[in-house]
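Notes for the one structure printed next.
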2 protein chains.
Amino acid sequence: MLTIGKLGAAAGVKVPTIRYYEQIGLLPPPGRSTGNQRLYPRAALDRLTFIRHARDLGFPLEAIRDLLSLSDRPDQSCAAADAIARTQLAAVRARIARLTALEAELQRMVAQCAHGTIASCRVIEVLGDHSHCADDDHARADAAA
Amino acid sequence: MLTIGKLGAAAGVKVPTIRYYEQIGLLPPPGRSTGNQRLYPRAALDRLTFIRHARDLGFPLEAIRDLLSLSDRPDQSCAAADAIARTQLAAVRARIARLTALEAELQRMVAQCAHGTIASCRVIEVLGDHSHCADDDHARADAAA
DNA sequence: CCTTGAACCTATAGGTGCTAGAGATATTAG
DNA sequence: CTAATATCTCTAGCACCTATAGGTTCAAGG
């Protein structure tokens with residue numbers, strides 16, 4: 001049995017985060033010691049490691065919830081899990097594309113800075129002028145989680 | 001003079017967002033009509049456009065606050081504005097690098113999916129196993145805003 | 001056995017950057 | 001004048017935690 005601190009250290013997740021996951025139902029409430037402290041079985045480490053890894057890959061908690069419920073029923077088709085992963089892959093690619101465009105514009109901004117005064121500052125100027133933007137509407141800066 | 005709706009439409013910013021910016025001090029409180037509705041001068045459009053563009057570029061509101069205060073004092077060196085832009089550029093590049101690594105791992109996950117059952121699903125399996133990860137510690141999935 | 005200090009407990013509030021809703025008032029078009 | 005639209009304030013909610021306060025329990029050393 002693991003205390004919450006050991007579990008967190010083993011999985012690389014902070015203690016309050018574990019309690020948060022329990023609160024939102026991502027982790028089942030574990031048993032308690034006589035002194036009311038959480039005691040986790042080994043299996044909890046697997047589950048938490050799974051969650052942490054998926055978070056590292058950028059999966060939102062709702063997707064992780066789905067993946068966990070899938071993995072609890074191992075006889076079914078993995079098509080759903082595959083779809084979730086593909087959705088995430090598409091989201092990541094969209095974010096990369098958006099960020100690459102931002103990178104180009106930022107680079108242009110700093111390249112043009114002549115280190116003069118604010119009155120002639122390209123950085124300030126470019127920010128006040130949308131005319132260089134490829135796509136003006138929509139597409140807020142990488143709003144996705 | 002512009003109503004809040006016209007201002008928002010002109011700058012591409014939603015009305016509640018404008019009120020939010022006023023609330024947090026990014027926009028000065030404008031004058032009011034006799035019926036207590038906000039009335040903005042032309043200059044407010046420039047300022048809001050500046051904010052919106054900077055947000056599109058991924059600048060956090062705090063950085064925008066700094067940039068605005070810089071542009072309010074046009075006699076000073078633009079070194080500070082340049083530094084903010086450079087910091088932002090570095091952050092964007094770091095995020096791109098991180099996301100590109102995620103993309104590779106996700107791609108590997110879905111490529112290996114044999115469309116069988118959950119029991120043999122690579123997606124589920126990979127998520128439960130950190131051994132494929134290049135860098136296990138720290139580096140949460142692109143936590144930056 | 002007792003003390004000290006770390007780790008644990010609950011509960012609440014804060015952070016970012018908005019967005020949505022309720023319920024009331026103002027303006028504008030027909 | 002009326003009806004539709006836009007505005008007002010206020011509050012709460014979203015994701016995903018993180019931090020703080022004030023208290024209890026546990027493990028080790030003397």
Side-chain angles (χ1 to χ4, degrees), chain A residues 1-27 29-40 44 48 51-66 68 88 91 95 138-145, chain B residues 1-27 29-40 44 48 50-68 88 91 95 138-145:
Chain A
M1 288 296 193
L2 299 162
T3 63
I4 195 170
K6 308 286 184 193
L7 177 67
V13 173
K14 288 178 186 147
V15 167
T17 305
I18 296 173
R19 289 195 279 248
Y20 170 72
Y21 287 162
E22 178 182 329
Q23 189 187 313
I24 64 171
L26 219 48
L27 287 176
R32 301 287 183 126
S33 71
T34 48
N36 198 35
Q37 302 196 348
R38 290 173 181 81
L39 285 181
Y40 294 90
L48 184 56
I51 295 170
R52 193 234 151 161
H53 195 184
R55 288 293 301 132
D56 281 351
L57 287 168
F59 287 87
L61 291 180
E62 271 318 295
I64 296 171
R65 202 187 291 276
D66 291 346
L68 283 169
Q88 181 58 21
R95 294 216 270 152
H138 320 299
R140 303 314 296 265
D142 129 272
Chain B
M1 287 297 192
L2 300 161
T3 63
I4 195 170
K6 309 285 184 193
L7 177 68
V13 174
K14 287 177 187 148
V15 168
T17 304
I18 297 173
R19 288 196 278 251
Y20 170 72
Y21 286 163
E22 178 182 330
Q23 189 188 313
I24 64 169
L26 267 190
L27 288 176
R32 301 288 182 125
S33 73
T34 49
N36 197 36
Q37 301 196 349
R38 290 173 181 82
L39 286 180
Y40 294 90
L48 185 54
F50 181 100
I51 294 170
R52 193 236 151 160
H53 196 183
R55 288 294 300 134
D56 282 351
L57 287 168
F59 287 87
L61 290 180
E62 272 317 295
I64 295 171
R65 201 187 290 276
D66 291 346
L67 287 169
L68 283 169
Q88 188 60 21
R95 292 221 270 156
H138 321 298
R140 303 315 294 264
D142 128 270

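Within every chain, numbering begins at 1; the chains are lettered A, B, ... in the order of the sequence lines, protein sequences first and strands thereafter. Computed from a predicted model, the values in this text were never measured in an experiment.
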Any side-chain N or O of [X] less than 4.0 Å from the OP1 or OP2 oxygen of [N]?
X       : N      : answer
B:Lys14 : C:dT19 : yes
A:Tyr21 : D:dC16 : no
B:Arg55 : C:dC18 : yes
B:Arg19 : D:dT9  : no

- Whichever of B:Glu62 and B:Asn36 has its nearest DNA chain C nucleotide further upstream toward 5': B:Glu62
- Which comes earlier along DNA chain C counting from the 5' end, the contact point of B:Tyr20 or that of A:Gln23, where each point is its nearest nucleotide? A:Gln23
Whole angstroms only, please: what is the [atom1]-[atom2] distance between [X] and [N]?
X       : N      : atom1 : atom2 : value
A:Arg52 : D:dC17 : CZ    : P     : 11 Å
B:Leu2  : D:dA6  : CG    : P     : 15 Å
A:Leu26 : D:dC17 : CG    : C1'   : 13 Å
B:Ile18 : C:dG17 : CD1   : C1'   : 15 Å

So what does [X] touch, heavy atoms closer than 4.0 Å: a base, only the sugar-phosphate, or nothing?
X       : answer
A:Arg38 : sugar-phosphate
A:Leu61 : sugar-phosphate
B:Ile4  : sugar-phosphate

- Given side chains that start at C-beta, do those of B:Tyr20 and B:Leu61 come closer than 4.5 Å, heavy atoms only? yes
- Item | Separation between CG of A:Leu26 and OG1 of A:Thr17, rounded to the nearest 0.5 Å |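 Going from the CG atom of A:Leu26 to the OG1 atom of A:Thr17 covers 11.5 Å.
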- Message: Give me the atom names and distance for the closest heavy-atom approach of A:Glu22 to A:Pro30.
- Response: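 Scanning both residues completely, I find the closest heavy atoms to be OE1-CD, 3.4 Å.
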- Toward the 5' end of DNA chain D, which comes first, B:Thr3 or A:Ser33, by nearest nucleotide? B:Thr3
- Item | Charged N-O contact under 4.0 Å between B:Arg65 and B:Glu62 | yes
